[in-house]
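Predicted model only: the values in this text are computed from it and were never measured. No hydrogens, no waters, no symmetry mates; every other heavy atom, side chains included, goes into these values.
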Amino acid sequence: MFTLPLDVLLVFMVASPVVGRVASKRGYRKVQGIYALLSLFAVAYFLYGLYNEVAEYNIVLIVGQLPFKPPLEACLQIDMFGVFMAFLYVIIGLFAIAYSIKFMECESGLSEYYTLVLGMIAGMTGIVFSGDFFTLFVFWELMCLTSYALVSFRKHKWEPIEAGFKYIIMSAAGSATILLSMSFLYGMTGTLNFAALSSRLTNPVSDGWLYMTLVLVIVGFGIKTAIVPFHTWLPDAHSAAPSPISAMLSGVMVQTGACALIRVLLLVFGSVQPAWQMTLVFLAVFTMFGGNFMALLQNDIKRLLAFSTIAHMGYILFGFAIVSHQGLTASLFHIMNHAIMKTLLFLCAGGFIYRTGTQDLRKLEGIRGAMPVTSILLAVGAVAIAAVPPLGGFWSEWMIVSAGIEAGMLLFSVLMVLNMLLSITYYLRLVYTINLKEPTSISEKATEAPVLLLIPVLILALLCIFIGIYPGPFVAWAQKAAEAILGM
Amino acid sequence: MGVDRSRVAGLTIIVLAFLILLILIMNYDFPAFEYTGSHTEPTAELVKNNTAVIGPEVGRFLWNYRVIDLIAQAFVLFAAAVCCLALLKTEEKKG
Amino acid sequence: MIPLSYYVWCAVALYLIGMYCLVSKRNMIKLVMGLEILVNAAHLNFIAFSAYRRAGFIDPFGHSIVIMSIVLTGCVTALALTIVTYAYKHYQTLDVRKLRRLKW
């Protein structure tokens, strides 16, 4: 079928509702979560085997039926970039599922929840593994469908349904735009295979239609990547979703949109690179400013974190738009760092919500007295993501800025440094509000979060500190992944 | 009055976009299949334009060439069914 | 045969109609219909190109993409209508302008 990790993930996803039904009939509700956790461990093991294979052969090409070859045949083209992102998905998925075993225990419909989380991870893995544009689209739809249902999961309240409706309309319009751009590419070249498209479109004679297709691709993928004019679904969806799902959405799903965008732009539109490079740089700067300015005005902890995700997507897109080896390495390393730090922040916020039932920062003031461990871990995450030196965020953001300076984009690098300084204000405001203010009546009544919620958060914080102190091997891996995208 | 004005504005923008795109598309011909490369792909896969034959031939094409997409799509259908179940299921809360 | 540009213009016109529908209609079910119109623009494009590959022949690649894409769109529509059902239960109206409780 497909490669072994993806196969295993999909088979476990299909078996998950059966396990869930049997477990809930017998009364063991936690078994479903433990089953999902074990399946992700199995996928991680097989992914390590795939990593060894890709490290040896550079590209692994999976074709459906052997006598029929690309460019007409659908294929999976797995390189080091795909394995890098797939590992990130599996690790963030592990933390999110471990957290949801305790967090979601009172919800109904748990067997569907774990099935959909496994399905979302499978869709994201398929996107970075695919070698054909339509295969990417099918896995893109798998990821999108599961995320629509996961955002609207708590259907008995009005907020997830409103956020989910806005999200599904905007995101499905983005998918339709991607499909239209695919139709134009098929009309021009007769195939949708990435390798064939890149070799056939190297010197196009008439550029006009290629520019129109480029606009459609940027709009289509940009809606999912939360580029600033199209980002309006993100704060609502990320604050209305359950906390472990918010962590997965902010941490890895938005970045998958950016990865698919850069993959398509580099492979298919290489001939018009100056056009999309400057467009992407301007869009990245707008996204940074938009995200940071809106985050300054928020009083809801999850909306603040969601706008901060938009700002970081701006940094990542800026790194991608500097189409150099250093720029891509810095962006991939920042994707990894941001995923870990943002997951940590969302899971801590989930701990507060679990104990107090409110998301409002003004009511959560001074909760450090009642929930010391969660508050300190939130402070660690906020300090790391604000790019304070010894922790992880500083290294990756500084690498993006230095890659920008080396490529000659001095003005935009200065703007990015301004944005980093601007973002320190609201992260420090978050830490100050949670830790140093006087407790309100709501925050006095809280108790410390349960141990099962604290264990994944603690491991994430330790990982955060570890990457900050010893970034070497992670940067080296990001470098190999960047070489794979650039085709070096 | 405000709603009517914005509606008129929206309709005007759309009609203008229609006309501009009509002029542009008719003047700049679409480069249909100009970049097909060196014809290394099997052009024998083209099917004669005969309504009785197209159905089975496209089915054969799907199974021979697009099997990865078909199997992935089966999983998407399963996930869509599970999504609708997750949203429509009403269980009694066990408290 | 009719020149290919006519079909391409029809597809772009359908896309514009779909976008107009998404932006200006108030009924939630009409918004879901707008999504379908958007996707059908791309389908028309695929079929038109597969017919113009060579005179007298069709390219089965375009048709197979459309078959698979119709199924995917159907899944998204089913899920969207489920969410509309719940939105009606919460707000007792199908008017999307009433879904304004989530501000900036």
[X] side, atom [atom1]; [Y] side, atom [atom2] - distance, nearest 0.5 Å:
{"X": "C:Thr85", "Y": "A:Ile161", "atom1": "OG1", "atom2": "CD1", "value": "9.0 Å"}
{"X": "A:Phe165", "Y": "C:Tyr86", "atom1": "CZ", "atom2": "OH", "value": "16.0 Å"}
{"X": "A:Leu180", "Y": "C:Asn45", "atom1": "CG", "atom2": "CG", "value": "6.0 Å"}

[X] portion near chain C, given a 4.5 angstrom heavy-atom threshold:
{"X": "A:Leu216", "result": "side chain"}
{"X": "A:Phe134", "result": "side chain"}
{"X": "A:Leu142", "result": "neither"}
{"X": "A:Met170", "result": "neither"}
{"X": "A:Trp209", "result": "side chain"}

Check your understanding: Between A:Phe133 and C:Ile65, is a side-chain contact (heavy atoms from CB on, under 4.5 Å) present by the stated rule, with each step listed?
Key -> CA-CA 11 Å; A:Phe133 211 155; C:Ile65 302 265; over 6 Å; no
Review point. Parallel, tilted or perpendicular: which fits the ring planes of A:Tyr186 and C:Phe46, with parallel below 30° and perpendicular above 60°?
Key: tilted
Review point. Between C:Tyr91 and A:Glu162, does a side-chain contact (heavy atoms from CB on, under 4.5 Å) hold up when you go through it step by step?
Key: CA-CA 10 Å; C:Tyr91 290 86; A:Glu162 179 178 335; 2.5 Å; yes
Review point. Quick one: does C:His90's side chain have a donor or acceptor within less than 3.5 Å of a partner on A:Lys155's backbone?
Key: yes
Point to revise | Residue among C:Leu4, C:Val39, C:Leu79, C:Val71 with most heavy-atom pairs under 4.5 Å to chain A | key: C:Leu79
Practice item. Select, from C:Met19, C:His43, C:Met28, C:Lys89, the one with the greatest count of heavy-atom pairs under 4.5 Å involving chain A. Key: C:Met28
Review point. Between C:Leu72 and A:Leu145, is a side-chain contact (heavy atoms from CB on, under 4.5 Å) present by the stated rule, with each step listed?
Key: CA-CA 9 Å; C:Leu72 293 174; A:Leu145 266 177; 6.0 Å; no
Proximity breakdown for [X] and chain A, heavy-atom pairs closer than 4.5 Å:
{"X": "C:Thr82", "answer": "neither"}
{"X": "C:Ile83", "answer": "both"}
{"X": "C:Val8", "answer": "side chain"}

Point to revise | A:Thr177 versus C:Tyr15, side-chain donor and acceptor atoms under 3.5 Å | key: yes
**Study point:** Heavy atoms of other groups near A:Phe286 CZ, more than 12 under 6.0 Å
**Key:** no
Show the nearest heavy-atom pair for residues [X] and [Y], with the distance to one decimal.
{"X": "C:Val76", "Y": "A:Ile168", "answer": "O-CD1, 4.1 Å"}
{"X": "C:Leu22", "Y": "A:Ala173", "answer": "CD1-CB, 3.7 Å"}
{"X": "A:Ser183", "Y": "C:Ala42", "answer": "CB-O, 3.9 Å"}

